[in-house]
**Student:** 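Pasting a structure here, questions to come.
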Amino acid sequence: MIALGGLTATPLLFLIVSSFARQWFFPAIAPREFSSRAWEYVASDSAGILSALWTSVVIALVVTSLAILIALPAARALALHEFKGKRVMTFLLLLPVIAPPLAATMGMHNLFLRYGLTDSLTGVVLVHLVPCVPYATLMLASSFANFDTDTEAQARTLGANFFNIWRYVTLPAIAPGLGVAASFAFLISWSQYLTTVFIGGGQVLTLPLILVGFQRSGDEAVTAALSLIFLLPTLIVFLFIARFIKHDYQIDL
Amino acid sequence: MTIKLTFNNPDAHFVRRHTHGAFIILCALCLLSACVPVPVTNERAKLTPDQFAATTWDDVLTRARGTTVNFAMYAGDEQRNRYFQERVAATLKEKYEITLRLTPLNDTVEVVNRLLNEKGAGKTSGGAVDMIWINGENFRTAKQADVLWGAFADSLPNIKYYDAEARQRDFGTAIDGYEAPWQQAQFVLAYDTARTPSPPRSVEVLREWIKSHPGRFTYVAPPDFTGSVFLRHILYHFGGDARRFANNFDEKLYREASAPTIEYLNDIKPYLWRQGATYPATTRELDRLFVNNEVDFVFAYGASFASEKIRRGEYPPTVRTFLFDKGTIGNYNFLAIPFNSANTAGALVVINHLMSPEHLLEQTRTLGGVFPLSLAALSDEERRRVESLPRDEAVLPFDVLAAHRLPEADAEYLERLEKDWEAKVLRR
């Protein structure tokens, strides 16, 4: 456990030091000087980090909820029903994950242009759904695979209506899988770069867009500071998943 | 009965407590996403190139008033972002009532690809970008694919401040007014005075230096921009006069100059970092090697790149820059308007402002770099202000840079040399 903690904490520590570092030259273990330049810039209005953060959060939450809404019936059908063309459907569902991202994104940009969906938040949400839905579906399908539909029949016999069956029988049974699927969808949307660049047209500014710019230019301190901000929701989501896994498997985390 | 069932299930209890509130919030967020930013298009601000040619500059200024200009600009430089977002935006607002909106770019090729797609899909108006910062290969692609607005640069009032050279060719591609000159960049080499007291100032002295300091030199692998321009300096060295390469591609000249160039590169190869078995892939990697004291030189386009890195604490304060005695390659970078810009009048006004002596004096003072305007075109007062621009020791004086500036080669020389390097140097 300690080793595992160290493994995650070391890069984090490195980022924290880098974000304050000035004159950090090999083979010195610590920087020669420290400065808050990077954090001052990140906090300034002209950096636009707060609004990018907000845009990223809104997009990721909307994408997550839509992805789950789409994935739920699909996952149930894939896990619990046998039907003609199921293998083809599974393949089609996985296609966006398999296809080379650049080619797929260029193609989607063309399609989105035709329907006037580019340069807008709606377009970005839709394009993020493309990689998010397959992952969410696959994860939910594995939850549904262990689900015994007879418990639903039982509840129905006992007089529960559709809503009550969902709320008290189905949802509790798939809850851990649902939590993990939602977290994954959130993180996939959160880290989208290429799709946001193309469909958002530079009008929809998310955190990865700003981060990649500084990473490419080699401004290590600002990159480190932005990386830390970028990591924050990931850590929150990780704790969220840990909670679900704990409930599912009774592990102490 | 159903209630009893849930109490038996701890998961259900947990989920019920947590999911309902979350679900309501998510629904609200779905609605929120419908609030899409709608770009305000002002029909008056949308001029065609013909309309621009026929009208007066005052009319353009009137049409641009009250509009928003979306400027797609490389955004990896904190100081530059700040300067444009704060100072330049405020000046434009005050002088022309224009709102400047920066749409950050990590690579100009992104916006060019997007324009190509938009052209293919027939999106000929209401584009999200009104002006782009561009040069070289991206300009050639954009011009050939006809995704630029039109010939406008030669009709801008402030074009008179630039040398004729700045309006003719961009890496061998005829400009024809499709982009307006803006800034100037010149290749400089950097070294650390604490490690290297006297740097090699010519291609031949460099050869000797590399051989007597094995493993202490390398260059970025072409087709990276910086690696490619390093090779061109050697090509120029063996080709005689640099000006011969600036115009259309000449097969005979290329063969004459490239053979000794390839020979030179193979000659130094065993003495390079890691015996030339591998090369840094990006300028950033070369930068790291330099900073970590593995190699002794780093180079880039941009007379003040070392000074900026010293300021940010990325280079030691003892780093200085130098040029080859025969000169180094300099080029311009430009501003262009996409074919589907929704606010061409606004873009014209902003571009013209960015080309003005007042703006460029302030910009050079704030961000460093080379002052790009022709000194002869300036008033005495302006010239005095250029001469008194502050300069730290890691930047060479403007007159030294200007006296050592070589023209850029036609793009075909670049491509051929990059291919030959791969076949005859890298894979040998």
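Side chains are part of it too, since the values below use all heavy atoms of this structure and drop only hydrogens, waters and symmetry mates. To find a chain, count down the sequence lines: A is the first, B the second, and so on, and within it residues start at 1.
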**Student:** Could you look at Phe84(B) and say if it's the side chain, the backbone, both or neither that has a heavy atom under 4.5 Å from chain A?
**Tutor:** neither
**Student:** Return the option, out of Leu111(A), Ile210(A), Val222(A), Leu205(A), with the maximum number of heavy-atom pairs under 4.5 Å with chain B.
**Tutor:** Leu205(A)
**Student:** Please rank Pro316(B), Pro317(B), Ala121(B) by heavy-atom pairs under 4.5 Å with chain A and give me the top one.
**Tutor:** Pro316(B)
**Student:** Tell me whether the count of non-hydrogen atoms from other residues, nucleotides or ligands lying under 6.0 Å of CD in Glu94(B) goes above 12.
**Tutor:** no
**Student:** Are there over 12 heavy-atom neighbours, none belonging to Glu393(B), within less than 6.0 Å of that residue's CD?
**Tutor:** no
**Student:** Counting only non-hydrogen atoms closer than 4.5 Å, does Tyr193(A) touch chain B with its backbone (N, CA, C, O), its side chain (CB onward), both, or neither?
**Tutor:** side chain
**Student:** Taking all non-hydrogen atoms of both residues into account, name the closest pair between Asn117(B) and Asn110(A) and its distance.
**Tutor:** OD1-ND2, 3.3 Å
**Student:** With a 3.5 Å distance limit and no angle check, can you tell me whether Arg22(A) reaches the backbone of Arg311(B) through a side-chain donor-acceptor pair?
**Tutor:** yes
**Student:** For Leu105(B), which atoms come within 4.5 Å of any heavy atom of chain A: side chain, backbone, both, or neither?
**Tutor:** neither
**Student:** Of all the heavy-atom pairs spanning Trp24(A) and Arg288(B), show the shortest one and how long it is.
**Tutor:** O-NH2, 4.4 Å
**Student:** State the NE2-CG distance between His109(A) and Leu116(B), to the nearest 0.5 angstrom.
**Tutor:** 10.5 Å
**Student:** Quick one: does Asn70(B)'s side chain get under 4.5 Å of Gln203(A)'s, heavy atoms only?
**Tutor:** yes
**Student:** Sort out for me which residue in Leu113(A), Thr118(A), Val197(A) forms a side chain to side chain contact (heavy atoms under 4.5 Å, CB included) with Arg114(B).
**Tutor:** Val197(A)
**Student:** Would one find more than 12 heavy atoms of other residues, nucleotides or ligands at under 6.0 Å from atom CG of Asn161(A)?
**Tutor:** yes
**Student:** If you look at every heavy atom in Ala128(B) and Gly201(A), which pair is closest and at what distance?
**Tutor:** CB-O, 4.2 Å
**Student:** For atom CZ of Phe184(A), decide whether the heavy atoms of other residues, nucleotides or ligands shown that lie under 6.0 angstrom number more than 12.
**Tutor:** no
**Student:** Is the shortest side-chain heavy-atom distance between Gln79(B) and Arg37(A) below 4.5 Å?
**Tutor:** no
**Student:** Atom CG of Asp119(A) and atom CD of Glu118(B): how far apart are they, to the nearest 0.5 Å?
**Tutor:** 6.0 Å
**Student:** Between Arg82(B) and Glu40(A), which heavy-atom pair has the shortest distance, and what is it?
**Tutor:** NH2-O, 3.8 Å
**Student:** With heavy-atom distances below 4.5 Å as the criterion, would you say the side chains of Glu314(B) and Asp219(A) are in contact?
**Tutor:** yes
**Student:** Using non-hydrogen atoms only, which part of Ala72(B) is less than 4.5 Å away from chain A: side chain, backbone, both, or neither?
**Tutor:** neither
**Student:** Check whether any side-chain heavy atom of Glu220(A) sits under 4.5 Å from a side-chain heavy atom of Val291(B), and report yes or no.
**Tutor:** no
